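Data first, discussion second: the structure below is written as structure tokens.
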There are 2 protein chains.
Amino acid sequence: MPKVSDAHRESRRDQITDAALRSFAAKGFQRTSMADIIAESGLSAGAIYGHFESKQQIAMAVAQRVLGNRLGELHEHMGAGRVPDPDQVVAIITEGMRRDLIDTSLLVQLWGESVHDEQIRSLVGRVFAEVTANLTPYLAAWARQNRGLQPAEAETWAETALPVILAFAQGYIVQSALLPGFDREKYLAAIRAVL
Amino acid sequence: MPKVSDAHRESRRDQITDAALRSFAAKGFQRTSMADIIAESGLSAGAIYGHFESKQQIAMAVAQRVLGNRLGELHEHMGAGRVPDPDQVVAIITEGMRRDLIDTSLLVQLWGESVHDEQIRSLVGRVFAEVTANLTPYLAAWARQNRGLQPAEAETWAETALPVILAFAQGYIVQSALLPGFDREKYLAAIRAVL
DNA sequence: GTCTATAGCCGGATAGAC
DNA sequence: GTCTATCCGGCTATAGAC
């Protein structure tokens, strides 16, 4: 395959994924028809099926992008060797979601889908595993540094604390997606008060 | 209408709602067809449409039951005048879900649906409002009793604490529905450690 | 009230021309 | 690679006999 063709393929896939993401955000995964995606993308049925095998594959590409955005930001902030306080971690995780308001409602939908869609479930599972793999060592480092725990104790503490941090992120996602008057600052302040 | 007929109507509606709940739990709301509900109930299409106007109405009846179960238990435990510690509240809320394992995944699905389904969203919204109306006074009472706050301060404290308690419940729902090795005891212990 | 049978529609995916 | 036109399957809801 020639170089140009590869680049073109990628950009067409992006064009389709963009349109699908907008459509899913507007109508939901299942309620969105191929006709919707076709109209939103400005392409035709034939063009789209030349790049994706099925609607399911398009949904997977969208899910990968939404989840990948969140993972990317986590890596970015956790990889730098800095060890912020746990309430700051929640603020960091949710900061990206605030920018893309769209994402929290898509994430809630993804969870709902993943209950009965094999492919999405395994994708969501992998992301949970990766988040765990990232946060646990960070939490252990924080416990050593700020609580003076021994490495083994710190590890145990981190494993205990992890579900709580996850719950704060998940609570943010649910509440911001579903509660009409949700206030991000109040939510973060409440977490700060508890931790 | 004669008495017998009313009782019969109710029990038929329950029979249909039961079958629908099982079907939704097994396949998801959207993936479940009327044919599934018909087969699961042992009735016929005609019989079902004699009791419900549409599939949507059946979904609403199921949603009402799932959410109502949780609300009922909350009322039961909060109304008795006792003031358990906040971590016990989370244990109480999640206890009912543990019994019906089915419920957590149905709740996650309900959230997903409610993003784009008007009727379900308004139902979920009403339940959130009712939970808030129940928990806020309880939290204020707890703060007066166990932290010696004045009524006004206690009220403010309760409004701050509420989203955190909600997050713990929501985290439980998400994690128990989606994480393969989820351990209820560990989760509750982690919350106890934080509070 | 409940059954069987089916109308009528809409969705995903494909065929074939260009 | 992309378009238009269309097939085919499955879905919800109804009609009509009992």
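Quick caveat: nothing in here was measured; it's all calculated off a predicted structure. Proteins get letters first, then strands, A, B, ... in listed order; numbering begins at 1 in each.
Applying the ring-ring contact (aromatic ring centres under 6.0 Å, His included) test to residues at least two apart or on different chains, the pairs with a partner in residues 139-162 of chain B are B:Trp142-B:Trp157.
Between A:Asp18 and A:Arg65 there is a salt bridge, since at least one side-chain N of the basic residue sits less than 4.0 Å from a carboxylate O of the acidic one. Of the charged side-chain nitrogens involved, none lies within less than 4.0 Å of a carboxylate oxygen, so that A:Arg70 and A:Glu130 do not count as a salt-bridged pair. In this structure, B:Glu113 pairs ionically with A:Arg31, as a charged nitrogen and a carboxylate oxygen lie closer than 4.0 Å.
A nucleotide of DNA chain D counts as in contact with chain B when one of its atoms lies under 4.0 Å from a heavy atom; the first and last such, 5' to 3', are D:dC11 to D:dT14.
The stretch residues 10-27 of chain A has no heavy atom under 4.0 angstrom from DNA chain C at all.
Residue A:Gly50 is out of contact with every strand shown, counting any heavy-atom pair closer than 4.0 Å. When heavy atoms are screened at a 4.0 angstrom cut-off, B:Ser33 is found touching the sugar-phosphate backbone but no base atom.
Side-chain N/O atoms of A:Arg126 and A:Ser122 include a donor and acceptor closer than 3.5 Å. The closest side-chain donor-acceptor pair between A:Thr17 and A:Asp14, if any, does not fall under 3.5 angstrom.
Proximity of the aromatic rings of A:Phe182 and A:Tyr172 is defined here by a centroid distance below 6.0 angstrom, and this criterion is met.
The backbone N or O of B:Gln88 sits nowhere less than 3.5 Å from a side-chain atom of B:Asp85 that would complete a donor-acceptor pair.
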